[in-house]
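The structure appears right after this line, and notes come after that.
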Number of protein chains: 2
Amino acid sequence: MLEDRGPCSAGHDGSSTIKDVLSRIGDKWSLLIIGMLDAGPQRFTALQRNVTGISHRMLTHTLRSLQRDGLVSRTSYPEIPPRVEYAVTPLGRTLIAPVLGLVHWADANHDEIQRSREAFDDAR
Amino acid sequence: MLEDRGPCSAGHDGSSTIKDVLSRIGDKWSLLIIGMLDAGPQRFTALQRNVTGISHRMLTHTLRSLQRDGLVSRTSYPEIPPRVEYAVTPLGRTLIAPVLGLVHWADANHDEIQRSREAFDDAR
DNA sequence: CCGCATCCGCAGCGATACTG
DNA sequence: CAGTATCGCTGCGGATGCGG
């Protein structure tokens, strides 16, 4: 819906699309979890160890919503004690590339932004 | 910090980078404003008209923080009544490409996600 | 080991009103 | 026209505890 306007322009009506994207990946944990799972399937507890700082509650919650969107798959093995493994789906994997684009951008421009902030703050 | 690991992996310690990105563009309005300004410089009031649904307060606030990060520039003309124009900086423009990557992804996979959700919800 | 429910603090955001 | 201040709501997300 925007891809046909030269350099870009996310305005006009791409608004809804952007809001969609943000509501899906803009929360605190979704991307971190997908990033973790990209290394390979993991159990609930492993995730909780590896995704630093996430609470039990939020891990459950976020995994649910990712599963609902088809970005992450859940397979539970009927054993005792129960074992549940999570993995990125093919769809989930396709998300990683564009996200990495952003990560690279942040990496590349982190310093400049930092300097800009200091300059701005000094001007008070 | 991640760019050297084949397909990807945003986990391990790219965490901080991802959090950085999210805190900068993950809010409700930043991307929409940058998208608007990409079409050309605009005055405060024009932005408020064009960015649908934004409040006076949030427009001021978001513009400030974008300006602070060096993504948007502010030039005020000392007239009466006052006139202030906002524009994307070169740095701000470099952000648009990676964001469009995400927008395209959302566009391309919107339907599949939608179906996945319905399937998931039916399973209750 | 894993999931769900409850309680609650806190930040984001909107509405409104007032200044230059 | 542009910016600032105050107030109140709402929802995210953390802590904790119970159940399977």
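Proteins get letters first, then strands, A, B, ... in listed order; numbering begins at 1 in each.
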From CG of B/L63 over to P of D/dC1, roughly how many Å is that when rounded to an integer? 16 Å

Closest to the 5' end of DNA chain D, once B/R83 and A/D27 are matched to their nearest nucleotides, is B/R83

To the nearest Å, give me how far apart CD (B/Q48) and P (C/dG14) are. 11 Å

If each of A/P82 and B/M58 is mapped to the nucleotide of DNA chain C with the nearest heavy atom, which maps nearer the 5' terminus, i.e. the 5' end? A/P82

From D/dG13, C/dG3, D/dC1, nucleotide with atom closest to A/W29 side chain: D/dG13

Evaluate the side chain to side chain contact (heavy atoms under 4.5 Å, CB included) criterion for residues B/I18 and A/L102: first the C-alpha distance (whole Å), next the side-chain angles of each, then the deciding distance (0.1 Å), finally the verdict. CA-CA 8 Å; B/I18 292 193; A/L102 270 182; over 6 Å; no

Reckon A/Y77 touches a base, only the sugar-phosphate, or nothing at all at heavy-atom distances under 4.0 Å? nothing

Between atom NZ in A/K19 and atom P in C/dC13, what is the gap in whole Å? 11 Å

Can you tell me how far P of C/dC1 sits from CZ of A/R43, to the nearest Å? 7 Å

Whole-Å distance separating the CG atom of A/L59 from the C1' atom of C/dG3: 11 Å

State whether the side chain of B/S30 and the backbone N or O of B/G26 hold a donor-acceptor pair below 3.5 Å, judged by distance alone. no

Nearest 0.5 Å, please: how far is OH in B/Y77 from CD in B/E85? 4.5 Å

Counting distance only, does the side-chain N/O of B/D27 pair as donor-acceptor with the main-chain N or O of B/W29 below 3.5 Å? yes

Which of these nucleotides, D/dA15, C/dC1, C/dG3, is closest to any side-chain atom of A/S55? D/dA15

Could you tell me the separation between the CD atom of A/Q42 and the P atom of C/dC1, rounded to a whole number of Å? 15 Å

Let me confirm one number: the CH2-CD1 distance from B/W105 to B/I113, rounded to the nearest 0.5 Å. 4.0 Å

For the pair made of NE2 in A/H56 and P in D/dG14, what is the distance, rounded to whole Å? 13 Å

Does the side chain of A/Y86 get closer than 4.0 angstrom to OP1 or OP2 of C/dC1 through an N or O atom? no

Let me know the distance between CD of B/E79 and C1' of C/dG20, rounded to the nearest Å. 15 Å

Which nucleotide wins on minimum distance to the side chain of A/R64, given the candidates D/dG14, C/dC13, C/dC4? C/dC4

Shortest side-chain distance from A/K28, nucleotide among C/dC1, C/dG3, D/dG13: D/dG13

Is A/R57 side chain donor-acceptor paired with the C/dT6 base, going by distance under 3.5 Å alone? yes

Check: A/H61 side chain, D/dG13 base, donor-acceptor under 3.5 Å: no

